[in-house]
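Structure first, then comments.
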Protein chains: 2
Amino acid sequence: MNKTNENIKKCHKCLIKSNAANKLNFTELDELDESCVQVTFKASEIIFKQGALSSNIIYLSSGLVKIVIDGPNREQILKVIKAPCYLGIPTTVGDKINHYSAIALEKTTACFVDVSTFKNFIKLNSDFAYEVILDLCKNELDQFQRCVNLVQLQMHGRMAKQLLFFANEIYCSDEFELPLNRNDFANLLCSSREIVSKILSEFNNEGIISLNGKKIKILDKEKLQFIYQNG
Amino acid sequence: MNKTNENIKKCHKCLIKSNAANKLNFTELDELDESCVQVTFKASEIIFKQGALSSNIIYLSSGLVKIVIDGPNREQILKVIKAPCYLGIPTTVGDKINHYSAIALEKTTACFVDVSTFKNFIKLNSDFAYEVILDLCKNELDQFQRCVNLVQLQMHGRMAKQLLFFANEIYCSDEFELPLNRNDFANLLCSSREIVSKILSEFNNEGIISLNGKKIKILDKEKLQFIYQNG
DNA sequence: CATAAAATGTGAAACATTTCACATTTTTAT
DNA sequence: ATAAAAATGTGAAATGTTTCACATTTTATG
């Protein structure tokens with residue numbers, strides 16, 4: 001029955017699985033398959049919006065997403081996350097209201113899983129539950145680190161850190177195209193559009209990066225590392 | 001057998017239970033009781049230290065604790081938490097290394113639960129697991145909010161917010177004694193000792209609070225709320 | 001109780017960032 | 001292709017915060 005790829009069910013096929021989904025057995029994967037809808041988003045499309053009700057857990061199988069929250073003074077980008085990962089567990093599991101928005105930064109494939117199915121897996125498969133707990137724990141520690149960096153580093157340090165993050169964690173290359181415009185980049189670094197422009201120009205003039213619009217090539221990684229650790 | 005209070009086992013007696021522990025049955029509470037050690041900390045004593053290995057989940061049954069992380073430039077107080085609550089799940093469940101320190105701000109009673117017992121409960125009691133997940137989710141959303149406030153509000157707003165937090169959430173009274181000295185208060189608000197002094201004096205002179213060393217009485221809550229929402 | 005040590009208060013200078021203004025470039029829509 | 005709209009770059013002034021210096025108060029210790 002499963003001889004050709006086409007006959008393999010969606011969730012069995014979706015090979016880039018989370019640690020949690022890896023703990024599911026075939027019957028459970030079938031069940032996931034039944035209650036799961038896959039949607040593809042284009043860049044800049046809203047996956048879910050702050051304030052709206054939510055009844056799905058979302059698993060990103062491919063793509064890049066920004067997590068945005070309306071702050072008292074401006075929009076803040078809490079983080080940029082890359083598939084494969086879960087999205088919106090805290091929101092959906094808690095009070096059902098999205099406390100932030102998720103917006104695609106590039107073509108992104110998302111699986112919407114009904115929260116009751118998700119809860120059922122937690123109930124019936126303790127390995128799955130434990131992996132979800134691990135995932136949430138990791139997110140919490142990461143968020144602490146981001147917060148400390150935002151608050152304690154000056155802009156040059158934050159910029160250096162973020163460029164290294166894009167190169168090392170997101171694109172796995174020293175050459176990449178920024179997925180954000182200057183304004184969004186400022187909202188991610190918690191600064192202003194103007195400062196972002198100025199510092200990028202500065203880094204460019206000093207030969208730390210080469211800059212051409214959104215195209216960035218990191219030329220001196222050690223220097224960036226130094227700026228991050230001393231600014 | 002359980003006629004007098006003294007005969008009731010520790011974890012059955014520890015009535016201020018977490019939502020998670022409420023899902024445990026009597027047998028499980030007995031098991032928790034066996035593998036759980038209760039310790040009392042005096043103010044300023046370290047409950048666990050950043051960098052050290054950890055193999056316990058901690059449940060605070062009474063007291064007040066500060067969560068401290070060594071930042072690149074200074075020590076940062078991530079949050080002040082009040083019993084009853086869990087402590088250190090992300091740390092213990094993840095890589096076993098404490099990513100922050102926990103220090104008692106007043107007499108605090110903490111139950112150290114072996115992580116294998118904890119994992120066992122997650123495995124065997126899905127309601128327990130789900131409550132733990134809920135708890136972690138709530139923490140994540142709270143942390144987002146704290147981070148946004150820290151980054152987007154100016155010092156007057158952050159100070160107003162923190163005073164309201166102490167009054168409303170921690171002490172449930174408009175009159176309280178700060179559990180932190182000026183330096184720690186600065187580390188919590190991510191500012192300097194001097195600014196904290198100046199703003200507290202200012203609030204005092206303007207009749208928003210009455211200030212006497214660490215003793216604070218909030219006189220004009222509406223004004224604080226206004227400063228928080230506009231600063 | 002006396003003395004040292006730690007914590008706190010406060011003005012002035014130094015600093016980083018934000019805001020403003022406006023020129024320029026790039027993108028979008030017709 | 002061309003006009004309109006959006007995004008970007010950059011200097012200068014305004015602002016908020018940090019740092020420094022030092023006086024004062026409070027707390028700890030013998």
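Note that the structure is a prediction, hence the values are computed from the model and not measured. Chain letters run A, B, ... following the sequence lines, proteins first and then strands; every chain starts at 1.
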Please report the closest heavy-atom contact between B:Cys190 and B:Leu150, naming both atoms and the distance. SG-CD1, 3.7 Å
Angle class for the B:Phe166/B:Tyr171 ring planes (parallel below 30°, perpendicular above 60°, tilted otherwise)? tilted
With the side chain of A:Arg193 defined as its heavy atoms from C-beta on, choose the nearest nucleotide among D:dC20, D:dT8, C:dT19. D:dT8
Round to the nearest Å and state the distance from A:Ile199 atom CD1 to C:dT18 atom P. 9 Å
Identify which nucleotide among C:dT17, C:dT10, C:dT18 has an atom closest to any side-chain atom of B:Ser201, counting heavy atoms from C-beta outward. C:dT10
Gap between atoms CZ and P, on B:Arg158 and D:dG16 respectively (whole Å): 13 Å
Just by distance, do the side chain of A:Gln50 and the backbone of A:Asp70 share a donor-acceptor pair under 3.5 Å? yes
By nearest-heavy-atom nucleotide on DNA chain D, the more 5' of A:Ser197 and B:Arg74 is A:Ser197
Between atom CG in A:Leu153 and atom P in C:dT17, what is the gap in whole Å? 10 Å
Selected nucleotide, minimal atom distance to A:Lys198 side chain, candidates C:dG11, D:dT10, C:dT8: D:dT10
If the cut-off is 4.0 Å, is B:Lys214 near the phosphate of C:dT8, judged by side-chain N/O to OP1 or OP2? yes
Rounded off to whole Å, could you give me the CG-to-C1' distance for the A:Asn212 and D:dT8 pair? 13 Å
What nucleic acid atoms does A:Ser192 come within less than 4.0 Å of, heavy atoms only: base, sugar-phosphate, or nothing? base
Is the shortest side-chain heavy-atom distance between B:Lys215 and B:Phe176 below 4.5 Å? no
Of all the nucleotides listed (D:dT18, C:dA16, C:dA21), which has the minimum atom distance to the side chain of A:Glu194? C:dA21
Measure from CD on A:Glu202 to P on D:dG11 and round the result to the nearest Å. 11 Å
Just how far, in rounded Å, is C1' of C:dT10 from CG of B:Asn205? 12 Å
Just N and O in the side chain of B:Arg182: are any of them under 4.0 Å from OP1 or OP2 of C:dG9? yes
Return the value, rounded to whole Å, for the distance between atom CZ of B:Phe203 and atom P of C:dG9. 14 Å
Donor-acceptor pair, A:Thr108 side chain versus A:Leu64 backbone, under 3.5 Å? yes
Side chain of A:Asn181: nearest nucleotide among D:dA7, C:dT17, C:dT18? D:dA7
Output the rounded distance in Å from CD1 (B:Ile195) to C1' (C:dT10). 11 Å
